[in-house]
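Here's the structure we're looking at; comments come further down.
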Amino acid sequence: MSRPKKKVYIKTFGCQMNVADSEQMAQVLSPEYVLTDRPDDADLYLINTCAIRKKSEEKVRSLLGSLRALKQKRPQMLLGVGGCVAQQEGERLLAAVPHLDLVFGTHGIYRLPELVRRASLKRQLDVALNEGFPAAPPRRWQPGSAQALVTIMQGCNNFCSFCVVPYVRGREYSRPSAEVVAEIQEFLAAGGKEVTLLGQNVNSYGRGLAKPVTFPQLLRRLSELPDLARLRFATSHPKDLSVELMALFSELEPLCEHLHLPLQSGSNRILAAMNRSYSREHYLEKVEKLRRFSPDLSLTTDLIVGFPGETEADFQDTLELVQEVAFQQAFCFKYSPRPQTRAASLPEQLPEEVKAERLARLLELQDRLTLAAHQRLVGQVREVLVEGESKRSADELTGRLRTNQVVNFSGPPELIGQLVSVEITEAHPHSLKGRWVAEPSPHSRRPVVEGEPRRLSC
Ligand code: SAM
Ligand code: SF4
């Protein structure tokens, strides 16, 4: 009889890329460990960390402090820290946290099983950065999972002056396209519907591959897979967004009408200091072209306020551009100085109160724009991919439009993982409410599961 598997709990901080990395950790450990959602039951407790802002790093340190008690209660439990903070801090983290057994960096995932085995005998540190995209073992997909995050690149060569990613994730490497296609074919064979391709700058996908492939070529190849209902990608750097790629939004059926295009600032002076290599005029030009190719395209973005030297006039430029583009959603951050980055040593670092006050004004504007965009959807019937039960109520399901907005509606749990038609009935600041209906959405390009007939409006 085989030995029962041990249990691993993985706490993930940060972006979709970290979520995908945690899925890989669970997979490489699966011959010996099963995932548990109960930390106090785990034989192995892993924290996958994010170093993008100081606040994310502080959360990790505070969690590590609070785990001292658990480790005292269960000394046989192994505690490991992986990801960007592990890469950045390495040896210092082991020295600072005596109850930590293992520190592994962003490229250490595939060496995890061996590291964990050794950590039960002696504390381990592995922060080596690889050359090239690591040979990933084939993914195994859970039957019934409708969505997949597929990493197609790692690292970044752009060195935006505020960003720690090139230091903690290393140089940019693309994953061979045959591996990407094979992984997605497996996912579709297991019943999957939506794929999100991940990389720090997917527009430069394919550079340096033995068999060069461009990102538009990869999207075209994937769109030919007959069972792929939805295709998304993140993130796209505005400087490398080509007309060829923009045109694909009107051409490729599975490519969803949503693009995350980080702007960061609306001021040319600040964009130059950030080393972003585009101006507000270039950005606007690209948005106009994109909307010509795909009028329904929903744009989301990232914005930083309080970059060193940002004046009130620079900030006004950001507010003005945000208003003009009318983003569907924006992730807004206060600038946070990061180790090794150029911006961290710039003079004119702004006081925290100025950053906080600008952030509040920006959020207030963006909330208004998001609500207005949501209100324009009321009365429309749209295709929704049902993701699960809604967090607020077990009686409700939650899903996303092709244009990325979250919709909650009533329906049976059997719909989870299916494409359905939903009439949008209410707009809220962060989500929509809807009703599952029989008729296919004019925006759906696929058969959907039918609900009750739509009432004729009274
Ligand atoms: N590769 C993406 C791009 O080029 O836009 C961004 C990846 S980064 C993980 C996600 C977002 O975090 C960035 O777009 C930026 O807005 C924000 N960010 C990165 N470094 C930051 C810092 N030092 N302070 C505040 N926000 C930061
Ligand atoms: Fe960071 Fe810039 Fe690379 Fe994005 S493109 S990961 S912001 S350095």
Side-chain angles (χ1 to χ4, degrees), residues 158 160 162-163 196-197 199-205 214-216 219 230-252 255-305 307 310 313-333 361-377 380 382 400-405 443:
N158 281 321
C160 300
F162 52 81
C163 184
T196 304
L197 305 174
Q200 293 299 347
N201 180 16
V202 290
N203 302 321
S204 58
Y205 174 80
T214 64
F215 188 56
L219 292 179
R230 291 178 168 199
L231 181 58
R232 304 180 185 275
F233 57 83
T235 300
S236 193
H237 195 304
K239 79 177 162 63
D240 297 320
L241 179 64
S242 65
V243 175
E244 185 189 3
L245 179 54
M246 295 186 208
L248 295 185
F249 282 101
S250 65
E251 201 187 298
L252 303 181
L255 192 59
C256 290
E257 296 77 16
H258 167 228
L259 179 65
H260 186 66
L261 194 63
L263 167 64
Q264 314 298 0
S265 169
S267 149
N268 283 339
R269 207 175 64 81
I270 297 297
L271 285 171
M274 287 176 163
N275 192 30
R276 288 292 287 181
S277 311
Y278 55 83
S279 62
R280 57 182 282 135
E281 291 76 18
H282 285 134
Y283 189 94
L284 262 179
E285 214 177 281
K286 295 208 175 188
V287 168
E288 276 160 23
K289 276 204 185 104
L290 276 162
R291 286 184 168 150
R292 256 181 269 139
F293 284 117
S294 177
D296 198 29
L297 188 81
S298 142
L299 278 171
T300 56
T301 199
D302 292 342
L303 296 159
I304 297 178
V305 298
F307 185 83
E310 181 190 72
D314 293 318
F315 177 63
Q316 284 299 333
D317 285 347
T318 299
L319 291 178
E320 204 182 276
L321 195 51
V322 166
Q323 177 91 49
E324 185 164 355
V325 177
F327 293 106
Q328 183 247 313
Q329 198 187 358
F331 299 93
C332 306
F333 310 107
R361 279 195 279 160
L362 182 58
L363 288 173
E364 195 265 325
L365 168 62
Q366 185 54 51
D367 284 353
R368 271 193 281 123
L369 293 169
T370 301
L371 185 59
H374 283 177
Q375 281 161 343
R376 286 193 290 275
L377 288 166
Q380 297 190 23
R382 293 266 173 148
R400 255 168 222 275
L401 306 187
R402 283 177 62 96
T403 42
N404 205 43
Q405 295 88 349
H443 300 273

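Heavy atoms only, all atoms of each residue included: Leu263 and Leu271 are closest at O-CD2, 3.5 Å. Minimum interatomic distance between Leu241 and Ser236 (heavy atoms only, all atoms of both residues): CD1-OG, 3.8 Å. His237 approaches Arg276 most closely through the heavy-atom pair CE1-O, 3.2 Å. Minimum heavy-atom separation, Arg402 to Arg232: O-NH1, 3.1 Å. Heavy atoms only, all atoms of each residue included: Leu303 and Ala330 are closest at CD1-CB, 3.9 Å. Closest non-hydrogen pair, Gly266 versus Thr318, comes out as N-OG1, 2.9 Å.
Remark: Leu321 CG to Gln316 CD distance equals 12.5 Å, nearest 0.5 Å. Rounded to the nearest 0.5 Å, atoms NZ (Lys286) and CG (Leu245) are 9.5 Å apart. Separation of atoms CG (Asn201) and CG (Asp240) is listed at 4.5 Å; rounding is to 0.5 Å. How far CG of Asp367 is from CD of Gln329: 10.0 Å, rounded to the nearest 0.5 Å. Expressed to the nearest 0.5 Å, how far CE of Met274 lies from SG of Cys163 amounts to 11.0 Å. With rounding to the nearest 0.5 angstrom, the CD atom of Gln264 is 10.5 Å from the SG atom of Cys332.
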Applying side-chain contact (heavy atoms from CB on, under 4.5 Å), run through Leu290 and Leu261 and close with a yes or a no.
-> CA-CA 11 Å; Leu290 276 162; Leu261 194 63; 4.2 Å; yes

Between Leu363 and Gln366, does a side-chain contact (heavy atoms from CB on, under 4.5 Å) hold up when you go through it step by step?
-> CA-CA 5 Å; Leu363 288 173; Gln366 185 54 51; 5.5 Å; no

Would Thr301 and Tyr283 count as a side-chain contact (heavy atoms from CB on, under 4.5 Å) if you check the C-alpha gap in whole Å, the side-chain angles of each, and the deciding distance to 0.1 Å?
-> CA-CA 12 Å; Thr301 199; Tyr283 189 94; 3.7 Å; yes

Going through the checks in order, is the side-chain contact (heavy atoms from CB on, under 4.5 Å) test met by Leu219 and Leu197?
-> CA-CA 10 Å; Leu219 292 179; Leu197 305 174; 3.8 Å; yes

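By the 4.5 Å heavy-atom criterion applied to side chains, Arg382 and Gln405 are not counted as neighbours. Side-chain contact check for Asn158 versus Gln200: every heavy-atom pair is 4.5 Å or farther apart. Side-chain contact between Phe327 and Leu369 is absent, with no heavy atoms from C-beta onward closer than 4.5 Å. For the pair Glu285/Tyr278, no side-chain contact is recorded, criterion being any heavy-atom separation below 4.5 Å from C-beta on. At least one side-chain heavy atom of Glu281 sits less than 4.5 Å from a side-chain heavy atom of Asn268. Two residues are said to be in side-chain contact when any heavy atoms from C-beta on lie closer than 4.5 Å; Arg291 and Phe249 fail this criterion. Residues Gln328 and Thr403 are not in side-chain contact: their nearest non-hydrogen atoms beyond the backbone lie 4.5 Å or more apart. Between Phe293 and Leu248, the closest side-chain pair of non-hydrogen atoms is not below 4.5 Å.
Under 3.5 Å, the side chains of Thr300 and His260 contain a donor-acceptor pair of N or O atoms.
Aromatic pair Tyr205/Phe233: centroids not less than 6.0 angstrom apart.
Formation of a donor-acceptor pair under 3.5 Å by the Arg361 side chain with backbone atoms of Phe315 is not found in this model.
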